[in-house]
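As structure tokens, the structure follows; a few thoughts come after it.
As a basis for the values below, the full set of heavy atoms in this structure was taken, side chains included, without hydrogen atoms, waters or symmetry mates. Labels below follow one simple rule: chain letters A, B, ... track the order of the sequence lines, proteins then strands, and each chain is numbered from 1.
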Protein chains: 2
Amino acid sequence: MANIKDVAKLAGVSISTVSRVVNNTAGVARNKKEAVVRAMSELHYKPNSFAKALVSNKSDSLGLVVGDLGDPFFSLLMRGVEKLASQYNKQLLVSSGHHDPEREKEAIRSLIDRRCDAIVVHSKALPDYQVMELLESQTSSVIINRRIQGFEERCIYLDNRSAGEMATRYLLEQGHRNIAFISRSSENRHLELEDARDRYQGYQDALLAHSIFPDSELLSKNQPDEQGGYNATLELLNRNVEFTAIFAYNDAMAAGCMMALRERKVQVPNDVSVIGVDDVLLARFLNPGLTTVRYPIEAMGAAAASLALALFREHEQPQLIREFMPEIQIRESVRSL
Amino acid sequence: MANIKDVAKLAGVSISTVSRVVNNTAGVARNKKEAVVRAMSELHYKPNSFAKALVSNKSDSLGLVVGDLGDPFFSLLMRGVEKLASQYNKQLLVSSGHHDPEREKEAIRSLIDRRCDAIVVHSKALPDYQVMELLESQTSSVIINRRIQGFEERCIYLDNRSAGEMATRYLLEQGHRNIAFISRSSENRHLELEDARDRYQGYQDALLAHSIFPDSELLSKNQPDEQGGYNATLELLNRNVEFTAIFAYNDAMAAGCMMALRERKVQVPNDVSVIGVDDVLLARFLNPGLTTVRYPIEAMGAAAASLALALFREHEQPQLIREFMPEIQIRESVRSL
DNA sequence: CTGTTAGCGCCTTCAA
DNA sequence: TTGAAGGCGCTAACAG
């Protein structure tokens, strides 16, 4: 692979001149410039990005840690981040934490070692203090989907309490009174999962505003995916408690929930209404279409990337929205009583 | 950020010694080793990956080009590739081609410039000769989901003809005779889309084997996503031709198709049966569950990464499966007549 | 406008 | 077992 020296030799100039035309960093005589350009294309010259990064101490890259590359939710998150990356001509480095603390740490470490200009991290498995360490040591890192005390300026997050409240209030407005909640369980006992907690809080607040006391029999926890929603729903059904509506932690659980209901011949929304959170692609194509609370994850991914990149450039906190508001997306899975 | 020199100084040794303990590349006296280790952790030393890459001329990274980060299909592909990457301790660099020739080229260029050890490319927008150029210039690059003449050894692909045949034959076996096909249109006129063509070929072969002559009135083309499936189906319906089953180019189109049918009060599978290709997550959660031809995309992603990495290591072609076979996944969207 | 030169941080002979 | 030194390819003064 040809290097700058080869080009210089062939063009009959010094390497500085080549560097100048490559980076357009200073004027170069027309004829020399042409000679250089010709030599470059003749040798298929490509600047070595490592050498460049080494000397300039920046890599033109953006790191991203997600939980699972195969999950549609992260899919959307990645798309949002990628949009900003390509806009700023940064290469995107992606690592998956696999929802495991060790692997999450490893994923982050890998991106740090590669000296990404900026890093966006989605982490649910790591305890607060470790996330704080990251935030402290990496000045242009940003946390998405989690709010770390004292670092709110470096976090992009959803107002999860409102999400829970909106979903529940909507059900209440449609006349529902016995509303079940299928939520995510925390794999890691030491970790309070703030989003699940906040959504539950919203659910509770909405109920209480209608003078309804939350019934723990109506709460069922499981893993936050289709299978978990399926299991949680069966568990609920087996308890033999009355309910006319189910609020699911996310759309994936709602999908599993609807599948369980279908199997048990419970009609949605005639017998039981279902509402989710996220509004992933799936929601629109479920039958009936899933009414859900929209989580603007793509926009949030873009915001996180934008913030991280701004931190890298300016080393100061830009003005931008960090707390996003969900909004309800009405389809057909909720019935008015 | 501390460098190797700082560590050497603090540990009272030469940088060569530090390098030796970092890379475990030669024996080092126990006490010196300890001193080095201590100095490293004290200074939070992290080897500079650029310097390392510069001198060793390898980057421990794996590049991947996909069409759209937000698409569930690519989501699965990425997961397969990431699995191998993390297995081999390679950082994954992802670029999106956005289904656009210019951006695809740009995405590839970016990964080449970054001198990834190996590259996996999903490209539909670029013409064959440009893909060939890539394959020729990058000896450890692999094409996924496309078969390039003369480079079969560097391609991982599905037997699309069989996919089309299997789907159609299954419908035939269930007693269907008037089978519509909603396929993908090619954005780019100059590009014969081999997978669409091959699936159509399989469809045709299966029909002819039952002495049914393919009716062009039963073919409707559109973009290969939910919206496209929706549109294609409406178009079909408006043509007023008879059919009892629809074979969709992929699950996304099938989902759009089912939505259109629902809107027109056509019951699936009672009035019309639907079959797709891919078996993405969505398929299972549609209602009725979508019968589809399973595309083992995650496994294929892993195979592609594995091949690319092998090419990088050995510079020779390893023995592994390059052509994958689809298999039918039966759910509830097809009715037996 | 142009060339020379000194590093960027690291690995790897080569001697000792 | 250890250290010195050269070089990976490039950028950025600096001096013409």
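The side chain of A:Tyr45 lies closest to D:dC10 when the candidates are D:dC8, D:dC10, C:dT12. Closest approach to the A:Ala29 side chain among C:dC11, D:dT2, C:dT2 is made by C:dT2 (side chain taken as heavy atoms from C-beta onward). Out of C:dC10, D:dT2, D:dA4, the shortest distance to the side chain of B:Lys52 is found at C:dC10. Picking from D:dT11, C:dC10, D:dC8 the nucleotide with the shortest atom distance to the side chain of A:Asn23 gives D:dT11. You'll find that the side chain of A:Ile4 is closest to D:dT11, out of C:dT4, D:dT11, D:dT2. Nearest nucleotide to the side chain of A:Pro47, out of D:dC10, D:dC8, C:dC11: D:dC10.
Base engagement by B:Val55 is indicated by at least one non-hydrogen atom pair under 4.0 Å involving a base atom. Among the heavy atoms of the strands, none lies under 4.0 Å from A:Ser56.
Note: NZ (B:Lys5) to C1' (C:dA6) measures 12 Å, nearest angstrom. For B:Arg20 and C:dC14, the CZ to C1' distance is 11 Å, given to the nearest whole Å. Per the geometry, CD1 belonging to A:Ile15 stands 8 Å off P belonging to D:dC10, to the nearest Å. Summarising the geometry, the separation between NZ on A:Lys33 and P on C:dT2 is reported as 11 Å, rounded to the nearest angstrom. With rounding to whole Å, A:Leu54 atom CG is found 17 Å from D:dG7 atom P. When rounded to the nearest whole Å, the span between CZ of A:Phe50 and P of D:dC10 equals 12 Å. Atom-to-atom, CE of B:Met40 to P of C:dC10 comes out at 11 Å; the value is rounded to the nearest Å. With rounding to whole Å, B:Lys58 atom NZ is found 16 Å from C:dC10 atom P.
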Evaluate the criterion side chain to side chain contact (heavy atoms under 4.5 Å, CB included) for residue pair A:Lys124 and A:Asn145; output intermediate values, then yes/no. CA-CA 9 Å; A:Lys124 290 284 174 198; A:Asn145 216 356; 4.3 Å; yes
Using the rule given for side chain to side chain contact (heavy atoms under 4.5 Å, CB included), can you reason through B:Gln130 versus B:Ser123, listing the C-alpha separation, both sets of side-chain angles and the distance that settles it, and then say yes or no? CA-CA 10 Å; B:Gln130 295 210 20; B:Ser123 162; over 6 Å; no
Checking B:Ser96 against B:Arg103 for the side chain to side chain donor-acceptor pair (under 3.5 Å) test, could you report, in this order, the C-alpha distance in whole Å, the side-chain angles of both residues, the deciding distance, and whether it holds? CA-CA 8 Å; B:Ser96 169; B:Arg103 300 193 70 175; over 6 Å; no
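Taking the nucleotide of DNA chain D with the nearest heavy atom to each of B:Lys32 and B:Asn57, the more 5' of the two is matched to B:Lys32. Each of B:Asn31 and B:Arg115 has a nearest nucleotide on DNA chain D; the 5'-most of these lies closest to B:Asn31.
For the pair B:Ser14 and D:dT2, the criterion of a side-chain N or O lying under 4.0 Å from OP1 or OP2 is not met. OP1 or OP2 of C:dG9 has at least one side-chain nitrogen or oxygen of B:Asn3 nearer than 4.0 Å.
Side-chain contact check for A:Ile156 versus A:Leu320: some heavy-atom pair is nearer than 4.5 Å. In this structure the side chain of B:Val94 never reaches within 4.5 angstrom of the side chain of A:Glu82, judged on heavy atoms.
At a cut-off of 3.5 angstrom, counting only N and O atoms as typed in the model, there is no donor on one side facing an acceptor on the other between the side-chain of A:Ser16 and the base of D:dT11.
Listed by first then second residue, pairs satisfying ring-ring contact (aromatic ring centres under 6.0 Å, His included) with a partner in residues 26-70 of chain A number zero, not counting sequence neighbours.
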